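Worksheet for the structure shown next.
Since we're looking at a predicted model, the values are computed, not measured.
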Amino acid sequence: MISVQLILLIIFGLAAIWFGWRVFMTSSMVRSALSLLGSMVAIGILFIIMEAEFLGVLQIMMMGTEMSIMAIFMMMYMMDPGGLGQMDMYHQKNISIAAGVIVTVLIVGAAFATDWGTIATQFPGPHEQNRLLGMEILKRSMMIFETAGVTILTGMIASIAVALSIKNSVEK
Amino acid sequence: MTPFLNGFIITLLFLSGVYAAAVMERWSVTGHVNWGGPVRSFLLLFAREEIKTRKHDKVFFETAPILFIGVILLTISILPFAPGSVIIDLGTGALFINAALVYVMVALLMMGWAINGVYAMIGGWRAIAQLIAYSMPVVMVLTATVMRAESMFLTDIVESQKGLWNILYQPVGFILFYISALAIAFLPPFDLPTAGGELAGGVWADLTGARKLLFRLGRLTLVFTVSAAVVVLYLGGWMGPWLPDFVWTFLKTLLVAASFFAVGRFMPRIRHDHLLEYNWKYGVPLALYNIFQVGVVLLL
Amino acid sequence: MELLITALIIAAVLFGIGLYGALSQTNLVMIMMGIELMLGASMINLVAFWRYLHPEAFSIQMFVLIAMTVMALEGAVGFAIATQRFRTSGSVEMEESAELKG
């Protein structure tokens with residue numbers, strides 16, 4: 001039984017995997033940042049295919065900003081000229097490949113071995129989803145969401161504190 | 001009137017709106033109204049030889065103009081012109097506007113990078129700083145309009161303004177969205193990525209021929225799109241007496257676009273550090289205040 | 001069923017690629033990219049579980065929001081560390097920070 005949803009899932013899943021693979025295969029820093037952006041956008045489209053419209057649009061929006069920032073930081077710290085960089089920056093390559101393959105095989109095995117029970121067919125529409133998600137956030141999971149807010153504040157303060165340049169007044 | 005005829009008329013109105021935006025853009029630079037000018041520059045760019053810079057990044061060089069115009073067409077496709085005639089009515093339309101406009105920045109970054117020239121690259125990085133800064137207040141003031149409509153459907157947001165337009169209900173949000181729309185469309189007071197005087201054209205400096213044409217056309221469509229977004233979110237969309245509904249949307253959109261270009265004609269270009277400073281220090285807190293004010297008014 | 005399994009396989013492969021990248025790269029920013037890929041894969045899993053197993057449980061969607069928060073925070077703090085690292089030693093290569101071993 002092949003449905004449109006399955007075909008779209010496979011197409012965009014392959015796109016996500018291909019872009020994700022390109023991240024570590026290109027020799028240009030900006031290209032790998034934008035490949036990661038492509039992978040993240042494909043993940044967002046996967047969310048939309050799986051009917052989680054709000055999360056998909058949010059993912060596409062947030063990653064656009066985040067990966068552009070990543071591109072500018074790559075450029076600042078690596079300084080490769082446009083599409084000319086030739087680098088080989090790997091260590092423990094064989095162990096990494098082994099770890100990646102083993103973990104993938106384990107997860108796929110677990111996915112096949114588990115009995116998933118019945119698959120749900122009824123789900124709320126996008127507008128209803130937005131309402132229910134808001135209710136969830138503002139009622140039952142209020143505390144957790146507030147914690148996320150406080151964590152963001154902590155992260156902002158921490159990153160500014162770490163990135164400040166401390167002038168040593170002794171050496172003048 | 002059948003829906004098909006309606007759609008045809010709306011498409012014609014849209015194309016003529018983009019043409020009017022082109023005429024107004026010329027006026028904002030030169031001060032003369034020249035009705036035939038856009039046709040002439042279209043033909044010129046169409047027929048001109050394409051010069052490519054040495055060692056450009058081939059992938060980005062080809063994809064960036066298409067991404068630029070593609071995301072703008074996606075944005076226009078979710079904006080409602082009349083009650084029945086919206087191409088895709090998304091359940092998260094208000095968020096989608098910002099999500100699509102973020103990719104304008106990505107396209108500019110890709111182009112600035114791909115050209116492999118100094119001016120273009122500085123223009124690309126400037127575009128990142130400017131558009132990240134100004135998409136923050138955009139998403140916050142959008143939240144305030146969504147709070148009033150209690151729905152993210154853009155048609156519901158227009159319907160919620162039946163009694164009182166949002167421009168009077170949340171004036172702070174309107175001003176912030178207006179300025180941010182200018183900055184997102186990188187129009188003259190905020191045209192730092194493509195600054196004529198200091199960067200010699202910035203991101204577009206080394207482009208000729210069809211790619212430049214795509215970028216110019218995309219920018220005009222972008223101006224028309226953000227004007228339509230201002231109308232839908234703050235000026236009551238299709239509401240108005242006597243005339244048919246889509247005519248009202250069109251007239252309001254043209255008026256907003258004209259005001260954009262008038263601001264560009266009479267304002268000097270803002271300095272880059274001022275641009276970021278004003279936004280992060282005053283724009284974002286004001287947007288938060290706007291959310292607070294709308295929340296209080298809604299609860300009363 | 002095959003929809004759920006497909007989504008899980010996609011997520012598993014992305015997670016493997018992310019793990020490979022995070023372990024094998026020597027550059028701090030590239031390591032962060034690997035971690036982002038792994039988080040993205042876990043988000044696919046969460047959305048697939050929400051859609052195909054428990055469409056009524058919205059705490060799963062909220063969990064995805066928390067994962068996005070973690071991604072953004074990881075980016076911010078990671079870039080701050082990279083900035084400080086670049087300022088003190090002039091590079092963000094992790095092979096060159098062996099002095100942190102103490």
Problem - Approximate separation, where rounding is to 0.5 Å, of C:Thr83 OG1 and A:Ile160 CD1 - result: 11.5 Å

Completion exercise
chain A shares the most heavy-atom pairs under 4.5 Å, among C:Ala22, C:Ala11, C:Gly40, C:Ser59, with C:Ser59

Exercise for the section: Evaluate the side-chain proximity of A:Glu136 to C:Gln61: yes if any heavy-atom separation is below 4.5 Å, no if none is. Expected result: no

Practice task
Evaluate the side-chain proximity of A:Arg140 to C:Phe58: yes if any heavy-atom separation is below 4.5 Å, no if none is.
Solution key: no

Practice task
Measure the shortest side-chain to side-chain distance between A:Ile43 and C:Leu14 over non-hydrogen atoms and say whether it is less than 4.5 angstrom.
Solution key: yes

Completion exercise
For C:Gln25 and A:Phe24, the nearest pair of non-hydrogen atoms, with its separation, is NE2-CD2, 3.5 Å

Handout entry: Greater than 12 external heavy atoms within 6.0 Å of C:Arg87's CZ
Key = yes

Exercise for the section: Give, as side chain, backbone, both or neither, the part of C:Glu56 having an atom under 4.5 angstrom from any heavy atom of chain A. Expected result: neither

Practice task
Identify which part of A:Ala33 has an atom lying under 4.5 Å from any heavy atom of chain C, answering side chain, backbone, both or neither.
Solution key: both

Practice task
Find the one option among C:Gly16, C:Ala57, C:Gly78 whose heavy-atom pairs under 4.5 Å with chain A are most numerous.
Solution key: C:Gly16

Problem - Any C:Trp50 side-chain heavy atom under 4.5 Å of A:Gln129 side chain - result: yes

Handout entry: Segment of A:Leu14 engaging chain C (4.5 angstrom heavy-atom cut-off)
Key = neither

Handout entry: Residue among C:Leu73, C:Ile9, C:Val77 with most heavy-atom pairs under 4.5 Å to chain A
Key = C:Leu73

Problem - Ring centroid separation A:Trp116 to C:Phe49 under 6.0 Å - result: yes

Practice task
Mind checking the OG-CD1 spacing from C:Ser24 to A:Ile95? Nearest 0.5 Å is all I need.
Solution key: 11.0 Å

Exercise for the section: Among A:Met63, A:Met67, A:Met50, single out the residue with the greatest number of heavy-atom pairs under 4.5 Å to chain C. Expected result: A:Met50

Problem - More than 12 heavy atoms of other groups within 6.0 Å of A:Met143 CE - result: no

Problem - Region of C:Ile81 in contact with chain A, defined by heavy-atom distances below 4.5 Å - result: both

Handout entry: Minimum heavy-atom distance C:Tyr20-A:Met25, with the two atoms named
Key = OH-CE, 4.1 Å

Fill in the blank from the handout: Counting heavy-atom pairs under 4.5 angstrom with chain C, the leader among A:Ile119, A:Val103, A:Ile107, A:Val23 is A:Ile119

Practice task
Report yes if some heavy atom in the side chain of A:Met40 is under 4.5 Å from a heavy atom in the side chain of C:Met71; otherwise report no.
Solution key: yes

Handout entry: Spatial distance of atom CG (A:Leu133) from atom CE (C:Met62) [nearest 0.5 Å]
Key = 8.5 Å

Exercise for the section: Between chain A and each of C:Leu19, C:Leu3, C:Leu4, C:Thr69, count heavy-atom pairs under 4.5 Å; write down the option with the most. Expected result: C:Leu3

Fill in the blank from the handout: Of the listed C:Gly18, C:Ala41, C:Ala48, the one with the largest count of heavy-atom pairs under 4.5 Å with chain A is C:Ala48

Exercise for the section: Write down the atom of A:Ala99, the atom of C:Leu23, and the distance for their closest heavy-atom approach. Expected result: CB-CD1, 3.7 Å

Problem - Over all atoms of both residues, closest heavy-atom pair of C:Gln84 and A:Val162 - result: NE2-O, 2.5 Å

Completion exercise
So, the part of A:Leu46 with a heavy atom under 4.5 Å from chain C: the answer is side chain

Problem - Pairwise side-chain contact, C:Leu53 with A:Thr118, heavy-atom cut-off 4.5 Å (strictly under) - result: no

Completion exercise
Output for pair (C:Met32 CE, A:Met74 CE), nearest 0.5 Å, gives 9.0 Å

Exercise for the section: Work out which heavy atom in A:Ala111 is nearest to a heavy atom in C:Ile5; give both atom names and the distance. Expected result: O-CD1, 3.5 Å

Exercise for the section: Find the one option among A:Ser39, A:Ser32, A:Ala148 whose heavy-atom pairs under 4.5 Å with chain C are most numerous. Expected result: A:Ser32

Handout entry: Contact leader toward chain C among A:Met135, A:Met156, A:Met62, A:Met70, where contacts are heavy-atom pairs under 4.5 Å
Key = A:Met70

Completion exercise
Applying a strict 4.5 Å limit to non-hydrogen atoms, the region of C:Leu37 in contact with chain A is both

Problem - Top of C:Leu8, C:Asn45, C:Leu28, C:Val70 for chain A proximity - count of heavy-atom pairs under 4.5 angstrom - result: C:Leu8

Fill in the blank from the handout: The reported gap from OG1 in A:Thr104 to CZ in C:Phe15 (rounded to nearest 0.5 angstrom) is 8.5 Å

Handout entry: Gap separating the OG1 atom of C:Thr6 from the CG atom of A:Leu9, nearest 0.5 angstrom
Key = 6.0 Å

Exercise for the section: For the pair A:Ile137 and C:Leu65, evaluate side chain to side chain contact (heavy atoms under 4.5 Å, CB included) and give the outcome as yes or no after the intermediate values. Expected result: CA-CA 10 Å; A:Ile137 287 172; C:Leu65 288 181; 3.6 Å; yes

Practice task
Could I get the full list of ring pair (Phe, Tyr, Trp, His ring centres under 6.0 Å) partners for C:Phe63, not counting sequence neighbours?
Solution key: none

